[in-house]
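The block underneath contains the structure these notes are about, expressed in structure tokens.
Keep in mind it's a predicted model, so treat the numbers as computed, not measured. Remember, it's 1-based here, ligands and their atoms both numbered in the order they're listed.
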Amino acid sequence: MRVLELKAASGNCKLLIGESIERVMEYCNAKKVIIITDKNVLQLHGHTFPKCEMISIDSGEGIKTLETVEIIYERLLELEVDRSSIILGIGGGIVCDITGFVATTYLRGIRFGFVPTTLLAQVDASIGGKNGVNFKGYKNMIGAIRQPEFCLFDFELLKTLPESEMKCGFAEIAKHAAIGDASLFSYLEVNYKEILKLKKSIIEKVIYDSLKIKADIVAKDESEKGERMKLNFGHTLGHAIEKTVGLPHGKAVSLGMVLAANISAKKGLLDKKEVERIVRLLENVGLPTKIDFDKNMVIDAMRKDKKRRGDEINMVLLKSIGNVMITKIKIDELEAMIHEPDMC
Ligand code: GLY
């Protein structure tokens with residue numbers, strides 16, 4: 001096991017990389033522990049959970065609502081949960097987002113920790129302190145930023161994941177390498193097959209390195225005033241693709257990264273050979289790198305993006321693999337570029 005400490009303005013979080021869920025109680029340090037999980041995770045991994053009170057919600061994005069939060073508050077009241085208790089979220093990104101929000105708001109904030117059970121949640125959603133729910137069709141509209149006390153990463157839990165979910169998690173690892181660690185990127189190019197097969201020594205190194213990149217960024221800029229925007233590489237267009245085409249997040253981010261890399265090359269920032277390396281890695285893993293749908297829909301979604309400022313949007317571009325810059329770009333210019341041949 002390897003440990004990283006994320007030190008942020010809202011609190012510190014211990015990242016326990018390669019620890020077993022069977023030892024999670026050692027980190028809870030409370031008389032009352034309440035698990036929040038979902039029905040799928042409970043069915044697959046319930047036998048590994050510690051014996052304590054549990055709140056099990058349905059799965060899927062549709063459950064990420066204030067109604068679900070209210071149901072959980074009611075149950076916490078019934079269970080007489082107080083400030084000496086700890087809430088443990090065991091599940092994917094949705095469970096982590098809801099648990100973090102509940103724990104941040106119930107009694108103005110009680111202790112919480114996570115055991116993320118998907119690769120995507122392990123390398124992204126569970127760390128960084130962002131939490132929240134959707135509201136009136138807007139994703140993550142209501143929420144806060146507060147660090148869990150710990151995140152426990154047990155790779156055994158990933159063994160039940162379908163291959164497509166592993167690939168989606170890989171997209172975020174590739175993103176971290178592309179924005180912050182050229183040597184990790186080279187390592188992914190050589191070892192991607194073993195990563196997808198969850199070879200222990202390799203997955204531990206890759207998750208550690210990936211989390212280190214995100215943790216260092218969040219430590220510098222938890223509230224996303226500047227540095228943290230780097231984590232949006234591939235997400236500006238990726239979110240628009242996810243929303244309009246309904247692709248899973250990791251696949252949309254893969255396409256978003258290819259577009260952002262090509263835009264970086266068009267602007268003379270990035271060598272074309274580096275774009276080819278990114279495309280090849282994503283292709284080798286089995287992630288999409290070519291859009292076969294109407295790009296106008298993507299641009300329309302960008303015009304409606306809440307992060308847009310006037311006719312411009314912040315975009316993360318690559319100067320080289322491992323080195324990024326944040327720049328404002330006019331949506332009209334973006335539109336013209338993404339319609340050029342060979343963009344994606
Ligand atoms: N998933 C991007 C962030 O945590 O900022």
Does ligand 1 come near enough to Asp124 that some N or O of the ligand is less than 3.5 Å from an N or O of the residue?
yes
Should Asn232 be counted as touching ligand 1, given the test is an N or O pair under 3.5 Å?
no
Please could you name the atoms of ligand 1 that Lys214 approaches to less than 4.0 Å, counting only its heavy atoms?
1 (N), 3 (C), 4 (O)
Test item: side-chain donor near acceptor, Asp124 and His176, under 3.5 Å
no
Just jot down the ligand 1 atoms closer than 4.0 angstrom to any heavy atom of Leu231, in number order.
3 (C), 5 (O)
With sequence neighbours excluded, residues passing ring pair (Phe, Tyr, Trp, His ring centres under 6.0 Å) with Phe112:
Phe114
Tell me, please, which residues at least two apart from Glu276 pass side-chain hydrogen bond (donor to acceptor under 3.5 Å, both in side chains).
none
Measure the distances from the heavy atoms of His235 to every atom of ligand 1 and state whether one is below 4.0 angstrom.
no
Distance from atom 5 (O) of ligand 1 to nearest protein heavy atom, with residue and atom:
Arg228 NE, 2.8 Å
Do any N or O atoms from the side chain of Arg228 and from the backbone of Gly128 form a donor-acceptor pair under 3.5 angstrom?
yes
Between His45 and Thr117, does any side-chain donor sit less than 3.5 Å from a side-chain acceptor?
no
